[in-house]
Participant: 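There's a structure below that I have some questions on.
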Amino acid sequence: EVQLVESGGGLVQAGGSLRLSCAASGFTSDDYDNAIGWFRQAPGKEREGVSCISKRDSSTYYADSVKGRFTISRDNAKNTVYLQMNSLKPEDPAVYYCAADFPRNTDGSTWFLSWEYDFWGQGIQVTVSS
């Protein structure tokens, strides 16, 4: 079974940066593509897709709210996906989750749909102080 472990969250001032990591294990086969997505959920709000990256062609996708500020990347040798978050805003605090779509079903039009993801990490808190 695929397991995902997030790290790197914490408290940062508005305008600051954080880098989240998602260490993945348990992918049983390299025959199938996968996609790793980052989602976030603030208190009282729906879970929303933040960004996603595929394995085979490293296609990346971003929510409009984070474009130009967040960058997703992956190191396939380490099975780790990173989310570099710059210029953090007061609306960014949430619990951030990484999730795996494996075998990959999503594409550019569905990457943000949480129900398409089969495996989830436990989540990590990101707090932004003003």
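Basis for what follows: all heavy atoms, side chains included, without hydrogens, waters or symmetry-related copies. Sequential numbering from 1 along the given sequence is applied to the chain's residues. Keep in mind it's a predicted model, so treat the numbers as computed, not measured.
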Participant: What's the shortest heavy-atom distance between Y32 and P103, and which atoms?
Facilitator: CB-CB, 3.9 Å
Participant: Is a side-chain donor or acceptor of R74 paired with a backbone partner of N76 at a separation under 3.5 angstrom?
Facilitator: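 Absent.
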Participant: Might you point out which heavy atoms bring Q125 and A94 nearest each other, and give the distance in Å?
Facilitator: NE2-O, 3.4 Å
Participant: Going hydrophobic residue to hydrophobic residue with side-chain gaps under 4.5 angstrom, can you get from F27 over to Y117?
Facilitator: no
Participant: Examine V66 and I124 and state if one hydrophobic cluster contains both, with Ile, Leu, Val, Met, Phe, Trp and Tyr joined whenever side-chain heavy atoms are less than 4.5 Å apart.
Facilitator: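 Linked, V66 and I124 end up in one cluster.
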Participant: Can you check whether S87's main-chain N or O pairs, donor with acceptor, with R69's side chain at less than 3.5 Å?
Facilitator: yes
Participant: Are Y96 and M85 close enough, and set up right, to give a side-chain contact (heavy atoms from CB on, under 4.5 Å), and what steps lead you there?
Facilitator: CA-CA 12 Å; Y96 282 70; M85 305 186 295; 3.9 Å; yes
Participant: Applying side-chain contact (heavy atoms from CB on, under 4.5 Å), run through Q41 and S114 and close with a yes or a no.
Facilitator: CA-CA 11 Å; Q41 188 167 20; S114 59; over 6 Å; no
Participant: Before you tell me yes or no, could you show the steps for L83 and S51 under side-chain contact (heavy atoms from CB on, under 4.5 Å), namely the whole-Å CA-CA distance, both residues' side-chain angles and the distance that decides it to 0.1 Å?
Facilitator: CA-CA 8 Å; L83 185 68; S51 185; 4.1 Å; yes
Participant: Check this for me: E91, atom CD, are more than 12 non-hydrogen atoms of other residues, nucleotides or ligands nearer than 6.0 Å?
Facilitator: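 It does: E91 CD has more than 12 such atoms within range.
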Participant: Looking at F39, is R47 sitting on its ring face, NZ or CZ under 6.0 Å from the six-membered ring centre and within 45 degrees of the normal?
Facilitator: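 No - R47 does not lie over the ring of F39 by the 6.0 Å and 45° rule.
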Participant: Decide whether F112 and W38 are clustered together by the hydrophobic rule: side chain heavy atoms of Ile, Leu, Val, Met, Phe, Trp, Tyr closer than 4.5 Å, transitively.
Facilitator: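 No, F112 does not connect to W38 through the hydrophobic network.
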Participant: Please answer: with hydrophobic residues joined when any side-chain heavy atoms are less than 4.5 Å apart, are V50 and I36 in the same cluster?
Facilitator: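 V50 and I36: one cluster.
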Participant: Is a side-chain N or O of D118 found less than 3.5 angstrom from the main chain of F102, in a donor-acceptor match?
Facilitator: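 Yes; at least one donor-acceptor contact below 3.5 Å.
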Participant: Can Y61 be reached from W120 by stepping across I, L, V, M, F, W or Y side chains whose heavy atoms are under 4.5 Å apart?
Facilitator: yes
Participant: Do the charged groups of K67 and D64 touch, with an N to O distance under 4.0 Å?
Facilitator: yes
Participant: Minimum heavy-atom separation for G10 to L18, with atom names?
Facilitator: O-CD1, 3.9 Å
Participant: Using every non-hydrogen atom in the two residues, find where N86 and S17 come nearest and quote the distance to one decimal.
Facilitator: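 Closest approach of N86 to S17: OD1-OG, 2.9 Å.
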Participant: Would you confirm whether S54, through its side chain, and S59, through its main-chain N or O, come within 3.5 Å as a donor-acceptor pair?
Facilitator: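 At least one qualifying donor-acceptor pair exists.
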Participant: Is the number of heavy atoms from other residues, nucleotides or ligands under 6.0 Å of Q3 CD greater than 12?
Facilitator: no
Participant: For G123, does its backbone N or O pair with a side-chain atom of E6 as donor and acceptor, under 3.5 Å?
Facilitator: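 It does hold such a pair.
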Participant: Could you walk me through whether V12 and T127 pass the side-chain contact (heavy atoms from CB on, under 4.5 Å) check?
Facilitator: CA-CA 6 Å; V12 65; T127 304; over 6 Å; no
Participant: Given 3.5 Å as the limit, does a donor-acceptor pair link the side chain of D33 with the main chain of R56, or not?
Facilitator: yes
Participant: If I compare all heavy atoms of A35 with all of C52, which pair ends up nearest, and what's the gap?
Facilitator: CB-SG, 3.8 Å
Participant: Measure from the side-chain N and O atoms of Y62 to the backbone N and O of I72, and report whether any donor-acceptor pair falls under 3.5 Å.
Facilitator: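 Yes, Y62 side chain to I72 backbone: donor-acceptor pair under 3.5 Å.
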